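Below: one structure, written as structure tokens.
Computed from a prediction, not measured in an experiment: that's the story for all the values here.
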Amino acid sequence: MKRKYFAAILSLGVALLVPTVSRSAEKPNLIYIMADDLGVGDVGVYGQKLLKTPRIDQLAAEGMKFSQHYSGSSLCAPTRSCLLTGTHTGHTRVRQNGDTPLLPDDVTFGEVLQQSGYVTGGIGKWGVGEENSTGAPWKQGFDFWFGYLDQSHAHYYYPDYLWKNDQQVKYPNNREKRTHYSHDLMTDEALGFIERSADGEKPFCLYLAYTLVHAALDVPEDAIAAWRGKIEETEPYGTPGGQHYRNQPEPHAAFAGMVSRLDRDVGRVVDLVDKLGLGENTLIIFTSDNGPTSAGGADPNFFDGNGPFRGIKFEFYEGGIRCPMIARWPGKIEAGSETDLISAHWDVLPTFAELAGGIIPDAVDGLSFVPTLLGNAAEQKQHDYLYWELASGGGQQAVRKGDWKAVRSNTRSSNKTKLELFNLAEDIGEASDIAAENPDIVADMKRLMTQARVAEQPDALYQPPVKKKKKAKAEPTTRQ
């Protein structure tokens, strides 16, 4: 549906279908906190033993833990595209890092909420459109933005600038002076947005896409000092100026400190909501964008970041795409509850739309999980299947249907393509490929892998990679 028509229909639908009611009675505030590269096994309530996440664990104690929630992708930008537009990677616009930005026809949950009377704020890492593109956050449904736009820029925690709306906020020589830590700046902006919005007449939505704990391993000294000598250390990572990510002499202490800082600031957001008396009218969701990474000196094996699952970031095994999700809404969500609902990031848009009294765009792949949140499991719609694809890594696809999971690798090389089949009910670690014993299931999975996607132009998933021509060596020149 074209955006201009969607906006007109949505405005009319809200006017006709939603009676005038008090803000507190019908439309909750929405806070969606997404960590970066935090594995499901990095969180205490999901089994972590070394790291400490007391505030995130408290969210689970006061709300609902999802045990089968999935990221939009195993990579940063496509995950955010899936989340924002309610579509999986077979349909969403951005399917790779550095891909095309979101376009005017793409409808985000920010726009749905704006049309439903919300004030919308986005803070953190964007990744689906830079400042001069159609995908910039202020063109995609967010009244306020603060943070990074460019994926690669977000690798630096002491940046020389960040974006506040469409203007750069500069921090001169910050990479050398290390005076402005981006995560702390984001938290301050998030708290400010909540305080400003609490005084308004409209409900608000805050999309807080933190960059912790993405590489580089870099955090202020106080966070490292809290773990120094308390955790087994490993070899230093890198050398000054010797690699893309910053060198880190204490990788384990740094990573632990990053997790602790993330956890601390999730708690600060919750505490402010409660202090302002907004708790019973605010849904807070915490999640991560994909599985843990081994980049930049990170050590998911040591920390057991993928828990009992196989795989990490960039892979479609469970460890690369299964992620934590916790939802808290006092008085609405049963404290200490847990659900095994199979859900994914693309379910967020329809969930927010239902809570806001808005209209869900026709093109979404997601299903609202509001019935599950409110304890009405019998009314919860179920996915027939979940689908993922990624052109990198030789081309990858995955489908989950019920307990069956298929992972297809090397799609860009016809003579190397392989499809593995697992039964997650019996093999949560995806250790035993049972494709040969189940030809009918394999055939159905292949059918879904074809059916689930709209090919991009060019179709990067199936076309063999273009070999770059070697540049001719320049003839040597003689200095005059």
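At a threshold of 4.0 Å, the pair E389-R453 counts as salt-bridged, since one of the basic side-chain nitrogens sits closer than that to a carboxylate oxygen. Between D218 and R246, at least one side-chain nitrogen of the basic residue sits less than 4.0 Å from a carboxylate oxygen of the acidic one, meeting the salt-bridge criterion. Between D160 and K177 no salt bridge is recorded (no basic side-chain N to carboxylate O distance below 4.0 Å). Residues D222 and R261 are paired through a salt bridge, judged by an N-O separation under 4.0 Å between the basic side chain and the carboxylate. Between K405 and E318 a salt bridge is recorded (basic side-chain N to carboxylate O distance below 4.0 Å). Classification of K313 and D37 as a salt-bridged pair holds, one side-chain N sitting under 4.0 Å from a carboxylate O.
Judged by distance alone, with hydrogens and angles left aside, the side-chain atoms of T351 form a donor-acceptor pair with the main-chain N or O of F369 at under 3.5 Å. A distance-only check finds no donor-acceptor pair linking the side chain of S368 to the backbone of E354 [under 3.5 Å]. In this structure, N165 contributes its side chain and Q167 its backbone to no donor-acceptor pair below 3.5 Å. At least one donor-acceptor pair under 3.5 Å links the side chain of N174 to the backbone N or O of P159. When atom types are taken as modelled, the side chain of Q168 and the backbone of Y161 share no donor-acceptor pair closer than 3.5 angstrom. A donor-acceptor pair is defined here as one N or O able to donate and one able to accept, closer than 3.5 Å; such a pair exists between the side chain of T92 and the backbone of S81. For the pair K202 (side chain) and Q114 (backbone), a donor-acceptor distance under 3.5 Å is absent. Proximity of a side-chain donor or acceptor of K139 to a complementary backbone N or O of S133 within less than 3.5 Å is detected. The backbone N or O of E456 sits nowhere less than 3.5 Å from a side-chain atom of D459 that would complete a donor-acceptor pair. Without hydrogens or angle criteria, T108 side chain to L84 main chain gives no donor-acceptor distance under 3.5 Å.
Taking both residues in full, the closest heavy atoms of H155 and Q151 are given as CD2-O, 3.5 Å, listed atom of the first, atom of the second, then distance. Here the closest heavy-atom approach between residue L217 and residue Q248 is recorded as O-NE2, 2.9 Å. Taking all atoms of both residues into account, the shortest heavy-atom contact from T211 to Y157 is O-OH, 2.8 Å. Residue G393 comes nearest to N410 through the heavy atom pair O-OD1, 4.3 Å, listed as atom of the first residue, atom of the second, then distance. Summarising the geometry of V40 relative to N306, their closest heavy-atom pair is CG1-O, 4.2 Å, with the distance given to 0.1 Å. Minimum heavy-atom separation, V107 to L349: O-CD1, 3.8 Å.
No hydrogens or angles considered: a donor-acceptor pair under 3.5 Å links the side chains of Y387 and Q397. For the 3.5 Å distance criterion, the side chains of S413 and N415 qualify, holding a donor opposite an acceptor. Side-chain contact check for T372 and Q380: at least one donor-acceptor pair (N or O, by modelled atom type) lies under 3.5 Å. Using a 3.5 Å distance cut-off with no hydrogens or angles, the side chains of T120 and D143 do pair a donor with an acceptor. A side-chain donor from one of N29 and T282 sits under 3.5 Å from a side-chain acceptor of the other. Side-chain contact of D365 with H383: a donor-acceptor pair under 3.5 Å is absent, judged by distance alone.
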Next on the checklist: As a quick check of understanding, evaluate side chain to side chain contact (heavy atoms under 4.5 Å, CB included) for I321 and N290, giving each step before the final call.
Outcome noted: CA-CA 5 Å; I321 52 176; N290 47 244; over 6 Å; no

Next on the checklist: Assess the residue pair Y317 and E420 against the criterion (side-chain hydrogen bond (donor to acceptor under 3.5 Å, both in side chains)); give the C-alpha distance rounded to whole Å, side-chain angles, the decisive distance to 0.1 Å, and a yes or no.
Outcome noted: CA-CA 10 Å; Y317 298 114; E420 299 171 277; 2.4 Å; yes

Item to check | CA sep, side-chain torsions, deciding dist, call: Q48, D42, side chain to side chain contact (heavy atoms under 4.5 Å, CB included) | outcome: CA-CA 5 Å; Q48 175 58 221; D42 288 325; 4.1 Å; yes

Item to check | Worked verdict on W346 versus L386 for side chain to side chain contact (heavy atoms under 4.5 Å, CB included) | outcome: CA-CA 10 Å; W346 52 87; L386 301 180; 3.7 Å; yes

Next on the checklist: With side chain to side chain contact (heavy atoms under 4.5 Å, CB included) as the criterion, how do I285 and I31 come out once you've worked through the C-alpha distance, each side chain's angles and the decisive distance to 0.1 Å?
Outcome noted: CA-CA 6 Å; I285 293 177; I31 298 178; over 6 Å; no

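With contacts defined as side-chain heavy-atom distances shorter than 4.5 Å, the pair R412/P464 does not qualify. For the pair V112/F352, no side-chain contact is recorded, criterion being any heavy-atom separation below 4.5 Å from C-beta on. Counting heavy atoms from C-beta on, the side chains of F255 and F303 come closer than 4.5 Å. You'll find the side chain of H69 reaches within 4.5 Å of the side chain of H345, heavy atoms only. D271 is not listed as a side-chain neighbour of V273, based on a closest heavy-atom distance of 4.5 Å or more. Between E189 and F144 there is a side-chain heavy-atom pair separated by less than 4.5 Å. At least one side-chain heavy atom of F66 sits less than 4.5 Å from a side-chain heavy atom of L373. A 4.5 Å side-chain heavy-atom check between C76 and D36 finds at least one atom pair inside the cut-off.
Listed by chain and residue number, R268 satisfy the salt bridge (Lys or Arg N to Asp or Glu O under 4.0 Å) test with D265 (two or more places apart in sequence, or in another chain). Take D289 and apply the salt bridge (Lys or Arg N to Asp or Glu O under 4.0 Å) test, not counting sequence neighbours, and it matches R80. Remark: W329 pairs with no residue by the ring pair (Phe, Tyr, Trp, His ring centres under 6.0 Å) rule, at least two apart or across chains.
Atom CE of M258 and atom CG of L212 lie 5.0 Å apart (nearest 0.5 Å). We find the CD-CG distance between E130 and D150 to be 4.5 Å, quoted to the nearest 0.5 Å. R264 contributes atom CZ, which lies 12.5 Å from atom CD1 of I56 (distance to the nearest 0.5 angstrom). A distance of 10.0 Å separates CG of L208 from CZ of F286, quoted to the nearest 0.5 Å. In this structure, the separation between CE on M325 and CD1 on I33 is 13.0 Å, given to the nearest 0.5 Å. Here N281 contributes atom CG and K332 contributes atom NZ; the two are 8.5 Å apart, rounded to the nearest 0.5 Å.
The distance between the ring centers of W145 and W126 falls below 6.0 angstrom. Taking the centre of each ring, F109 and Y207 come in below the 6.0 Å mark. Aromatic ring centres of F204 and Y118: separated by at least 6.0 Å.
Judged by the 6.0 Å and 45° rule, R400 forms no cation-pi pair with Y70. Taking the ring axis of Y210 as reference, the NZ or CZ atom of K125 does not stay both within 45° of it and closer than 6.0 Å to the ring centre. Note that R175 lies outside the cation-pi zone of Y158, set by a 6.0 Å cut-off to the ring centre and a 45° limit from the axis.
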